[in-house]
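The chains referred to below are lettered A, B, ... by the order of the sequence lines, with proteins before strands, and numbering in each begins at 1.
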Protein chains: 2
Amino acid sequence: MAKRDRPARIGISDVAAKAGVSLATVSRVMNGNFRVDPDIAARVRAAATELKYQPNPMGRNLARGKTDTIGVVVPDLGNPTFQGVLRGVSRAAAHDGYRVLIADSSEVSSEESILAGEARRRCDGVVLCAPRMGSSELEELAPSLHPLVLVNRTTDAEDSPSVMVDYGQGIQDLATHLADLGHVRIAYVSGPESSASNALRLAGLEKFKQGHPHVELAILHSGSTFEDGYESAGDVVASGATGILAFNDLTAMGLLSSLNERGIKVPEDVSVTGFDDIPFAQYTTPPLTTAAVPITEVGEHAWAQMRDLLNGTSTTESVQVFQPHVVARGSTGVPAKLKASSPK
Amino acid sequence: MAKRDRPARIGISDVAAKAGVSLATVSRVMNGNFRVDPDIAARVRAAATELKYQPNPMGRNLARGKTDTIGVVVPDLGNPTFQGVLRGVSRAAAHDGYRVLIADSSEVSSEESILAGEARRRCDGVVLCAPRMGSSELEELAPSLHPLVLVNRTTDAEDSPSVMVDYGQGIQDLATHLADLGHVRIAYVSGPESSASNALRLAGLEKFKQGHPHVELAILHSGSTFEDGYESAGDVVASGATGILAFNDLTAMGLLSSLNERGIKVPEDVSVTGFDDIPFAQYTTPPLTTAAVPITEVGEHAWAQMRDLLNGTSTTESVQVFQPHVVARGSTGVPAKLKASSPK
DNA sequence: GTGAAAGCGCTAACAT
DNA sequence: ATGTTAGCGCTTTCAC
């Protein structure tokens with residue numbers, strides 16, 4: 001017999017006994033489901049209150065086959081972007097009575113699949129942020145994760161909805177902003193090669209080039225962190241570009257910092273743009289021109305998609321796209337030579 | 001009969017059948033617990049692999065009375081401080097095979113107790129960040145949350161360990177930094193009145209006053225956000241102080257922003273300090289002098305405390321204190337009048 | 001070392 | 001409308 005000695009919390013049967021009803025009735029009352037005689041319901045509730053009864057979620061989960069919890073897997077809890085989606089998902093889910101389990105892969109992408117699978121088993125579904133995962137790996141993983149909502153990437157496998165940010169359009173808008181200012185030598189300091197959103201930006205820039213044949217566009221290689229941006233300064237200077245499109249705000253800030261140390265003035269000597277509009281982008285020196293991404297909304301919509309999946313309420317659109325919008329601040333301006341020749 | 005029609009995942013009994021052993025044996029093998037005949041163990045593992053068996057945590061949780069999950073309740077997932085502790089807890093806990101469930105009270109402190117209780121029922125313990133909760137409410141709540149680890153506050157109730165940051169010492173160090181620079185009129189732009197860490201700072205400043213009788217110290221009232229800092233600028237200017245101690249980096253940044261708009265130079269006209277050394281403090285204009293708090297470590301240690309509680313491994317110290325250290329950057333300097341009279 | 005079986009605390013089908 | 005009871009999937013005693 002498996003009579004373990006546990007702290008003996010008070011359970012549904014205690015309430016049933018105290019109220020003089022069956023377990024089922026207590027369960028019904030607690031779940032507010034079926035019509036229970038008001039008098040009995042009151043008696044049950046009184047007993048529950050008196051005993052300070054708190055339903056045990058574990059029993060409930062097992063019996064119902066669900067946990068009212070969803071997992072959110074992110075590659076880095078220190079990254080403002082993922083913090084934003086986590087926050088959005090968490091709040092929106094809480095509003096519907098769901099909780100969020102976090103799984104931070106700490107940038108160790110080899111663990112990502114395992115982590116996601118683990119999260120899925122403990123939860124009713126998972127919201128996956130895995131910008132670097134190979135698409136074949138994702139495609140293979142996706143079915144086992146269903147219900148699955150993807151953030152900033154898509155997959156052919158299964159019916160896994162996505163919430164996307166149109167990085168391609170955003171970078172085009174930023175490049176256009178620079179071109180409109182008069183920059184003819186532009187450099188894109190690209191993010192991680194394996195990043196899905198980097199590929200989107202690259203594709204966007206390809207389109208930009210077609211619309212602006214007179215602009216010389218160089219592609220430099222870097223990463224996604226502040227440090228990566230800082231270290232890219234050498235290449236940036238060497239490129240001779242006057243307009244720099246950084247991968248994101250973090251790298252833009254790193255670049256700004258290094259440029260400043262080198263005595264290169266922004267935006268007098270070079271203009272710099274970021275991407276994301278993280279909370280601190282407006283406090284850099286100079287304030288960063290960037291493409292604002294409504295990242296919390298992205299998280300909220302990821303939850304909305306998940307909820308529809310959970311409810312079987314299929315959405316019309318299975319991939320939602322958010323448009324970033326350019327926020328022009330102090331880090332971009334008319335290139336020096338132009339300013340001299342065209343004193344406005 | 002309760003034969004629900006669920007997706008029929010493959011369970012332990014399938015493995016048992018395939019391997020030709022009992023459920024108990026499979027369980028033992030899966031948990032690597034008892035000595036099982038190596039041959040049998042291998043057979044079981046083979047069967048499990050072949051069937052792609054994944055133990056169902058719900059059943060496991062119910063049977064073991066634990067979830068291998070801890071809850072982290074924070075008042076605001078958008079605040080860098082709480083993001084830091086969440087990150088620390090999450091990584092450290094993951095290292096020990098635990099997951100974290102987040103509960104964001106969205107600054108609605110009336111919900112905090114309920115949220116914490118809910119989290120506790122779903123998890124094996126909770127790490128509570130509730131800087132504004134009244135101490136009597138906390139004391140009342142604490143026992144029901146055990147095992148409980150508190151961040152940045154203590155309670156008399158029960159054996160609930162705490163991980164603290166010595167805000168009192170930190171603010172004293174900052175004030176001393178200002179005094180050493182020559183500031184004799186200092187103002188503290190205080191945080192929320194109900195904030196525990198604000199009280200700590202206030203107490204620290206009291207000590208500072210005793211050691212620096214010649215310094216005039218004004219206390220202004222504000223809050224904890226960027227906006228609060230921004231709006232405090234009027235009071236700050238009116239105070240006539242040359243050295244300003246902001247509640248934290250966020251309010252300092254807000255203040256810096258407003259001061260800049262008013263044409264007041266930092267640090268030439270007034271010096272400003274923050275608190276926390278959030279990731280972006282070094283990128284403000286000018287870079288912010290602040291007291292660096294190892295916030296991720298705080299989270300890591302909160303987990304360590306929790307683990308000890310869970311294991312029954314009592315720690316020697318039940319309240320750990322982290323010391324902030326002053327990081328002098330560009331936002332503080334010698335006050336103007338002094339500079340004029342003592343051209344160094 | 002292995003198996004049989006009794007729960008863990010709850011929900012839901014079925015019967016009344 | 002309420003009670004009875006069979007599980008949900010797993011762990012763990014207890015007996016072999």
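The shortest distance between the side-chain N/O atoms of A:T25 and the OP1/OP2 oxygens of D:dG3 is below 4.0 Å. In this structure, B:N31 reaches the D:dT11 phosphate: one of its side-chain N or O atoms is under 4.0 Å from OP1 or OP2. In this model, the phosphate group of C:dT11 is approached by a side-chain N or O of A:S27 to a distance below 4.0 Å at OP1 or OP2. Contact annotation: A:R60 reaches the phosphate of C:dT11 (side-chain N/O to OP1 or OP2, under 4.0 Å).
Across the protein-nucleic acid pair, B:L62 atom CG and C:dG7 atom P stand 14 Å apart, rounded to whole Å. We find that CE of B:M58 is positioned 11 Å from P of D:dC10, with the value rounded to whole Å. B:R43 has its CZ atom 11 Å from the C1' atom of C:dT2, to the nearest Å. Between the CG atom of B:N61 and the C1' atom of C:dC10 there is a distance of 14 Å, given to the nearest Å. Atom CD1 in A:I12 sits roughly 14 Å away from atom P in D:dT4 (whole-Å rounding). Going from atom CZ of B:R121 over to atom P of C:dC8 covers 20 Å, rounded to whole Å. Separating the CD atom of B:Q54 from the C1' atom of D:dG9 is a distance of 14 Å, rounded to the nearest angstrom. Atom CG of A:D39 is separated from atom C1' of D:dT2 by 14 Å (rounded to the nearest Å).
Out of C:dT2, D:dC10, C:dC10, the shortest distance to the side chain of B:N56 is found at D:dC10. Of the candidate nucleotides D:dT12, C:dT11, C:dG1, C:dT11 has the atom lying nearest to any side-chain atom of A:L23. Side-chain proximity of A:A63 to the nucleotides D:dG3, C:dC10, D:dG9 is greatest for C:dC10. Listed nucleotides D:dT4, D:dC8, D:dT12 differ in distance to A:S22; the shortest reach to its side chain belongs to D:dT4.
No hydrogens or angles were tested; on distance alone, a donor-acceptor pair under 3.5 Å links the side chain of B:R28 to the base of C:dG3.
No engagement by B:P57 is indicated, since no non-hydrogen atom pair under 4.0 Å with the nucleic acid exists. Within the 4.0 angstrom heavy-atom criterion, only backbone atoms of the sugar-phosphate kind lie near B:G11; the bases stay farther away.
Formation of a donor-acceptor pair under 3.5 Å by the A:S13 side chain with backbone atoms of A:G11 is not found in this model. A donor-acceptor contact shorter than 3.5 Å is absent between the side chain of A:S109 and the backbone of A:E112.
A heavy-atom distance below 4.5 Å is not found between the side chains of B:I102 and B:V74. Side-chain contact between A:Y53 and A:I12 is present, with heavy atoms from C-beta onward closer than 4.5 Å.
Salt bridge B:D76/A:R91: present, at least one basic N to carboxylate O contact under 4.0 Å.
Toward the 5' end of DNA chain C, the nearer of the two residues A:R64 and B:R64, judged by each one's closest nucleotide, is B:R64.
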